[in-house]
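Here, residue 1 is the first one in the sequence, and each next residue gets the next number. Just so it is clear, the model here is predicted, and its values are computed rather than measured.
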Amino acid sequence: MRSLLFVPADGGAKLEKAMASGTDAVIIDLEDSITPGRKSFARTATLEFLKHASATKRRPRLLVRINGLDTGMTDADLDAVVPGRPDAIVFPKAEGAPSVVHLDAKLTAREAVAGLPEGEIKILAQAVETAAGLFAAGTFRGASARLIGRTDRALPPCAIGLPLRRGGGKAAGD
C-alpha cells in the first residue's frame with residue numbers, strides 16, 4: 001500500500017469521497033478522531049459503510065483503526081466492525097508480539113461468530129507510539145499470520161499525505 005487515507009468513522013460524506021480519492025487504502029478511524037460520546041454512533045456508521053463499500057467492485061482496501069487494547073473499547077469496536085468484513089484492522093499502540101497475538105485471538109473468535117473464515121481480517125500494527133512499543137519493535141515478525149505490516153508515527157507528516165506546515169500555520173501551497 002502506497003497511500004493510506006484516514007477518515008473519521010463518523011465522517012459521512014467524507015467516507016464516500018475517500019472511496020473515489022484514488023488512495024490504496026481508506027482507514028476508517030474509530031480511535032483518535034472520535035470523541036467518547038460518539039464512539040457508539042461511529043461503530044454503527046462504520047459497519048453500515050463497510051457493508052455498502054464492500055459491494056463495490058473496484059475499491060481501495062478498507063481498514064478500520066480501532067481503539068487500543070488498554071482503552072477498554074477494543075471489544076466493542078471489534079464486535080461492531082468484524083461483521084462488515086474489513087480487509088484489515090489498524091492496531092494502534094501495538095506493543096510487540098504478545099499484543100498482536102492477543103488481537104489475533106479476539107479476531108479469531110469474532111470471525112467464528114460472524115461465519116467468516118479464520119484469518120480473513122488482517123492486522124496492520126501501529127508500533128512505536130509508546131515507549132513499550134519502541135522497546136518491543138523487534139518482536140513483531142512471526143507474531144501472527146494476520147500481520148501484514150507495521151507502521152509508526154515517527155514519519156514526517158508529509159510522508160503519510162498530510163500537508164507540511166511552514167511559518168504562520170498555513171499548509172505549503174495555501
Heavy-atom pair with the smallest gap, counting every atom of [X] and [Y]:
X	Y	answer
Ile121	Pro86	CG1-O, 3.5 Å
Pro83	Leu47	C-CD1, 3.9 Å
Arg85	Pro117	NH2-CD, 4.1 Å

Which value, rounded to the nearest 0.5 Å, describes the distance between [X] atom [atom1] and [Y] atom [atom2]?
X	Y	atom1	atom2	result
Leu78	Arg43	CG	CZ	9.5 Å
Leu147	Asp104	CG	CG	9.5 Å
Ile123	Arg146	CD1	CZ	6.0 Å

Hydrophobic cluster identity match, [X] and [Y], side-chain contacts under 4.5 Å:
X	Y	result
Leu69	Leu107	yes
Ile27	Ile148	yes
Val7	Ile66	yes
Leu50	Met19	yes

Return yes if some donor-acceptor pair links the side-chain N/O of [X] with the main-chain N/O of [Y] below 3.5 Å, else return no.
X	Y	result
Asp29	Phe6	no
Glu31	Pro92	no
Ser99	Ala94	no
Asp87	Leu62	yes
Thr23	Ala25	yes
Lys122	Val90	no
Glu118	Glu111	no

Are the side chains of Val64 and Asp77 in touch, meaning some heavy atoms are under 4.5 Å apart?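 Result no, sub-4.5 Å side-chain heavy-atom pair not found.
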
Partner of Lys106 by side-chain hydrogen bond (donor to acceptor under 3.5 Å, both in side chains), out of Asp79, Thr74, Asp75:
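Per the side-chain hydrogen bond (donor to acceptor under 3.5 Å, both in side chains) rule, the option paired with Lys106 is Asp75, out of Asp79, Thr74, Asp75.
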
* Asked: What residues, two or more places apart in sequence or in another chain, satisfy side chain to side chain contact (heavy atoms under 4.5 Å, CB included) together with Ala42?
  ->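 Listed in chain order: Ala9, Asp10, Leu30, Ile34.
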
Qualifying residues under side chain to side chain contact (heavy atoms under 4.5 Å, CB included), relative to Pro36, sequence neighbours excluded: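 Scan of Pro36 (side chain to side chain contact (heavy atoms under 4.5 Å, CB included), adjacent residues dropped) gives none.
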
Side chain to side chain contact (heavy atoms under 4.5 Å, CB included), paired with Ile89, selected from Leu124, Leu63, Val81: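 With Ile89 as partner, side chain to side chain contact (heavy atoms under 4.5 Å, CB included) holds for just one option, Val81.
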
Exercise for review: With salt bridge (Lys or Arg N to Asp or Glu O under 4.0 Å) as the test, would you mind laying out the steps for Asp24 and Arg61 before giving the verdict?
Suggested key: CA-CA 6 Å; Asp24 293 325; Arg61 291 182 180 153; over 6 Å; no

Item to complete: Start with the C-alpha gap between His102 and Glu95, add the side-chain angles, then the distance that decides, and say whether side chain to side chain contact (heavy atoms under 4.5 Å, CB included) holds.
Response: CA-CA 11 Å; His102 189 169; Glu95 296 183 345; over 6 Å; no

